[in-house]
Each structure stands twice: as C-alpha cells, then as structure tokens.
Chemist: 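My structure is below; once you've seen it, I'll send some questions.
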Amino acid sequence: QVQLVESGGGLVQAGGSLTLACAASISIVSINAMNWYRQAPGKQRELVATIASGGSTNYADSVKGRFTVSRDNAKNTVYLQMVSLKPEDTAVYYCHAYRSLGARVDNYWGQGTQVTVSS
C-alpha cells in the first residue's frame, strides 16, 4: 500500500557521480527507516545505505565516504548521492521502506533503477 518509485539511474564512467531519488506515496515521516539496496546479476541483494526517521544514517563498508543518503520530508523523497563510482557499484538499486506498526512489520520495495559504471 506504500508505493516507492526510484529514478536517476543510468550509465556513468568510473569516478563519476550519480544521484538516485525515491519518491514515496506517503509521508516518509511515518516510516521507520528508508533504505537503499542493490543487487548485481548473480549476486545477493545487499543493503548499501539506510536513513532512520530520526535522521541517523548507516552505510555499507564498501560505499562509506562515497555515498550519502538524505531525505526531503516535504517532498516525501529519499536520495542517494553517489560519487567516485566504481565498476563494482554496477547493480540495480532498490528503494526500501520499513515500517513497524505495533506487532505489524511492513516492507515495501520500489521497482529498481539500473546503475551501470563503466571502466
């Protein structure tokens, strides 16, 4: 019932930058955490960045110092700024929302956006 739409993917040269956006159909203030995952072909989906409702952030070791997750509550949008991109960053990037309502836990996923980093 929560729709997430990613955008901003594309092709970029190694060392370049790209910013992804995830627009939610509800106020992200009501969501406990917004996350960015990625999945490369033949690999397991991995969490790359998360931002909690209080604003705290966490990153996978592989992207620390290069990726920045932020949010604009007024726009119900979460961003992932990626700099110094590497070929190993190539993957489909998914926006994910986690919401806990008492005993109920909901997870919502966007459709994904392709990021390709060429050498």
Side-chain angles (χ1 to χ4, degrees):
Q1 293 179 338
V2 176
Q3 293 184 332
L4 305 173
V5 180
E6 303 100 329
S7 62
L11 175 65
V12 65
Q13 294 281 347
S17 302
L18 205 61
T19 298
L20 307 181
C22 172
S25 61
I26 65 170
S27 174
I28 60 174
V29 175
S30 65
I31 300 175
N32 297 97
M34 299 292 296
N35 308 299
W36 286 98
Y37 286 81
R38 68 185 181 187
Q39 187 167 25
K43 291 189 175 182
Q44 188 176 0
R45 183 176 57 195
E46 64 173 338
L47 176 65
V48 297
T50 183
I51 182 166
S53 60
S56 62
T57 59
N58 284 288
Y59 302 92
D61 289 340
S62 59
V63 305
K64 285 182 179 178
R66 300 188 299 116
F67 289 14
T68 302
V69 63
S70 62
R71 66 184 185 184
D72 186 333
N73 292 336
K75 296 181 178 180
N76 295 326
T77 301
V78 176
Y79 302 92
L80 184 67
Q81 181 182 350
M82 305 180 293
V83 300
S84 301
L85 283 163
K86 305 174 181 179
E88 51 262 44
D89 294 319
T90 296
V92 177
Y93 284 71
Y94 296 93
C95 182
H96 169 261
Y98 167 80
R99 183 171 64 177
S100 177
L101 300 172
R104 177 178 175 177
V105 176
D106 292 324
N107 291 276
Y108 303 96
W109 295 91
Q111 82 286 354
T113 184
Q114 177 71 48
V115 172
T116 302
V117 183
S118 62
S119 59

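Just so you know, these numbers come straight off a predicted model, no measurement behind them.
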Chemist: Under 4.5 Å between any side-chain heavy atoms of Thr90 and Gln114, yes or no?
Modeler: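 Yes, at least one pair of side-chain atoms sits under 4.5 Å.
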Chemist: Got a donor-acceptor contact below 3.5 angstrom from the Asn73 side chain to the Val29 backbone?
Modeler: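 Looks like no, no N/O pair under 3.5 Å.
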Chemist: Kindly indicate whether the side chain of Cys22, heavy atoms from C-beta on, has any atom under 4.5 Å from the side chain of Arg71.
Modeler: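 Sidechains of Arg71 and Cys22: no contact.
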Chemist: Under 30°, 30 to 60°, or over 60°: which ring-plane class applies to Trp109 and Tyr94, parallel, tilted or perpendicular?
Modeler: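 Aromatic pair Trp109/Tyr94 classed perpendicular.
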Chemist: Can you find a heavy atom in the side chain of Leu85 that is under 4.5 Å from one in the side chain of Leu18?
Modeler: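 Heavy-atom side-chain distance check passes, below 4.5 Å.
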Chemist: How close do Glu46 and Arg38 get, counting heavy atoms only, and between which atoms?
Modeler: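 That closest heavy-atom pairing would be OE2-NE, 2.7 Å.
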Chemist: Working to the nearest 0.5 angstrom, can you tell me the gap between Ile26 CD1 and Ile31 CD1?
Modeler: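 Nearest 0.5 Å value for the CD1-CD1 distance: 4.0 Å.
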Chemist: Tell me whether Lys86 is salt-bridged to Asp89, with the criterion being a basic N under 4.0 Å from an acidic carboxylate O.
Modeler: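 So Lys86 does not pair with Asp89 through a salt bridge.
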Chemist: Should Val69 and Thr50 count as side-chain neighbours, where that means a heavy-atom distance under 4.5 Å?
Modeler: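 No. Closest side-chain heavy atoms not under 4.5 Å.
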Chemist: With a 3.5 Å distance limit and no angle check, can you tell me whether Tyr98 reaches the backbone of Val105 through a side-chain donor-acceptor pair?
Modeler: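 Between the backbone of Val105 and the side chain of Tyr98 there is no qualifying donor-acceptor contact (under 3.5 Å).
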Chemist: Might you confirm whether atom CD of Gln3 has over 12 heavy atoms from other residues, nucleotides or ligands at distances under 6.0 Å?
Modeler: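 Atom CD in Gln3 is not crowded, with 12 or fewer foreign heavy atoms closer than 6.0 Å.
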Chemist: Using modelled atom types and a 3.5 Å cut-off, is there a donor and acceptor pairing between side-chain atoms of Glu6 and backbone atoms of Thr113?
Modeler: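 No, the answer is negative, given that no donor and acceptor are paired below the 3.5 Å cut-off.
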Chemist: Can you find a pair of side-chain heavy atoms, one from His96 and one from Asn107, that are under 4.5 Å apart?
Modeler: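 Yes; the side chains approach each other to less than 4.5 Å.
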